[in-house]
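Step one of this worksheet: look at the structure below.
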Amino acid sequence: FCILSYNLPMTIKFHTDKYYTFDNFSPHAVEYEGKIFPTSEHAYQAAKFTSDEIREAIRGARSPLQAKELANVKYKNDKDPDWDSKKVDVMERVLRAKLTQHFEVAEALERSRSEELAENSPVDYFWGIGADGTGQNMLGKLWMKLRDEHN
C-alpha cells in the first residue's frame, strides 16, 4: 500500500486570517488619487462616481460595507456611465496602491508563491468565484498579475 504525495497547486482564498490582506475590506488605509481612504473598498466604490460630493460621502463611510452600500444602493443612479469599461483598471490601480503602501500586503503576496488566489465570495461572479466556483475571479487574477510583476 503506497500513498503518493503530489505537489498540486493550492487555491488561497482571501477569507482566511493569513491572507485577509488581499480582501478589499481589510483594515488597510489606501492613498489613492491624492486622498486617504480607510480601505481599498472605500477607494474603489468612490471611484465609481464623478461627483466630488458623492466620492467624499463614500470616503467617509464608517465601514467598507457601508461604502459599498452607498455606492450600490443610495447613489447607484449617479454612477459614471462608463464605469463598466473602467472598473478593472481602477481596481488594479487601487490594489497596486495597497500593495506599495503596506509591507504586510507585499509580504503576503510573496508568501503566496505561485498558488492560485481566489476571492471566495459566494455572491460575486465577476470579482469572485461565486457560490459554485465558476466566477471570473477578477480580483484574484489582478492580485496574481501584481505578484508576477512584483517577483
Side-chain angles (χ1 to χ4, degrees), residues 3-33 35-49 54-55 57-76 79-80 82-151:
I3 298 175
L4 297 176
S5 173
Y6 295 98
N7 284 330
L8 297 174
M10 182 180 88
T11 299
I12 295 171
K13 298 180 178 172
F14 298 179
H15 297 288
T16 61
D17 289 343
K18 193 173 177 183
Y19 292 102
Y20 189 64
T21 55
F22 300 142
D23 193 292
N24 283 332
F25 279 35
S26 74
H28 294 87
V30 175
E31 183 177 344
Y32 179 71
E33 295 187 340
K35 299 208 181 238
I36 304 288
F37 291 86
T39 66
S40 52
E41 185 72 20
H42 283 77
Y44 175 76
Q45 295 299 338
K48 292 179 177 181
F49 303 91
I54 293 174
R55 283 177 175 234
I58 292 170
R59 189 166 77 97
R62 292 186 316 270
S63 69
L65 181 59
Q66 185 186 45
K68 188 175 185 176
E69 288 172 349
L70 285 171
N72 295 329
V73 180
K74 183 172 183 179
Y75 299 119
K76 71 178 181 179
K79 197 168 31 167
D80 179 345
D82 298 324
W83 178 246
D84 281 342
S85 67
K86 299 175 181 179
K87 65 184 180 182
V88 174
D89 181 56
V90 168
M91 182 66 82
E92 182 177 335
R93 286 187 281 129
V94 168
L95 297 182
R96 194 176 299 280
K98 183 177 181 177
L99 174 62
T100 59
Q101 294 167 25
H102 294 282
F103 175 75
E104 65 272 23
V105 176
E107 197 174 54
L109 202 56
E110 186 177 317
R111 190 172 58 241
S112 71
R113 294 187 300 277
S114 62
E115 308 295 355
E116 180 182 4
L117 300 176
E119 164 60 286
N120 57 325
S121 167
V123 296
D124 193 330
Y125 284 79
F126 181 75
W127 293 113
I129 60 173
D132 60 2
T134 63
Q136 295 181 57
N137 191 32
M138 288 304 296
L139 195 60
K141 288 175 181 172
L142 286 174
W143 277 119
M144 290 184 283
K145 175 184 178 182
L146 294 179
R147 178 181 62 200
D148 290 347
E149 291 174 6
H150 198 67
N151 291 335

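The distance between the ring centers of W127 and F22 does not fall below 6.0 angstrom.
In this structure, the side chains of F25 and T39 stay at 4.5 Å or more apart for every pair of heavy atoms. Looking at L142 and M91, their side chains come closer than 4.5 Å, going by heavy atoms from C-beta outward. Put simply, the side chain of L99 reaches to within 4.5 Å of the side chain of W143, judged on heavy atoms. At least one side-chain heavy atom of K79 sits under 4.5 Å from a side-chain heavy atom of F49. Looking at Y19 and R111, their side chains come closer than 4.5 Å, going by heavy atoms from C-beta outward.
Within a 6.0 Å sphere centred on CZ of R113, heavy atoms belonging to other residues, nucleotides or ligands number 12 at most. Dense packing is recorded around NZ of K141, with more than 12 heavy atoms of other residues, nucleotides or ligands lying under 6.0 Å away. Counting heavy atoms of neighbouring residues, nucleotides and ligands inside a 6.0 Å radius, atom NZ of K13 does not exceed 12 of them.
Both the sub-6.0 Å distance and the 45° axial angle are not jointly satisfied by R59 relative to the ring of Y32.
With no hydrogens or angles considered, a side-chain donor-acceptor pair links N72 and K48 at under 3.5 Å.
Put simply, the residue from K87, K86, R93 that forms a side chain to side chain donor-acceptor pair (under 3.5 Å) with D89 is R93.
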> Given the rule in the side chain to side chain contact (heavy atoms under 4.5 Å, CB included) test, do D124 and L139 qualify, once you have shown the distances and angles that lead to the verdict?
Replying inline: CA-CA 10 Å; D124 193 330; L139 195 60; over 6 Å; no
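In this structure a side-chain-to-backbone donor-acceptor pair under 3.5 Å is missing from Q45 to L70.
Heavy-atom minimum distance, V30 versus A97: CG1-CB, 3.7 Å.
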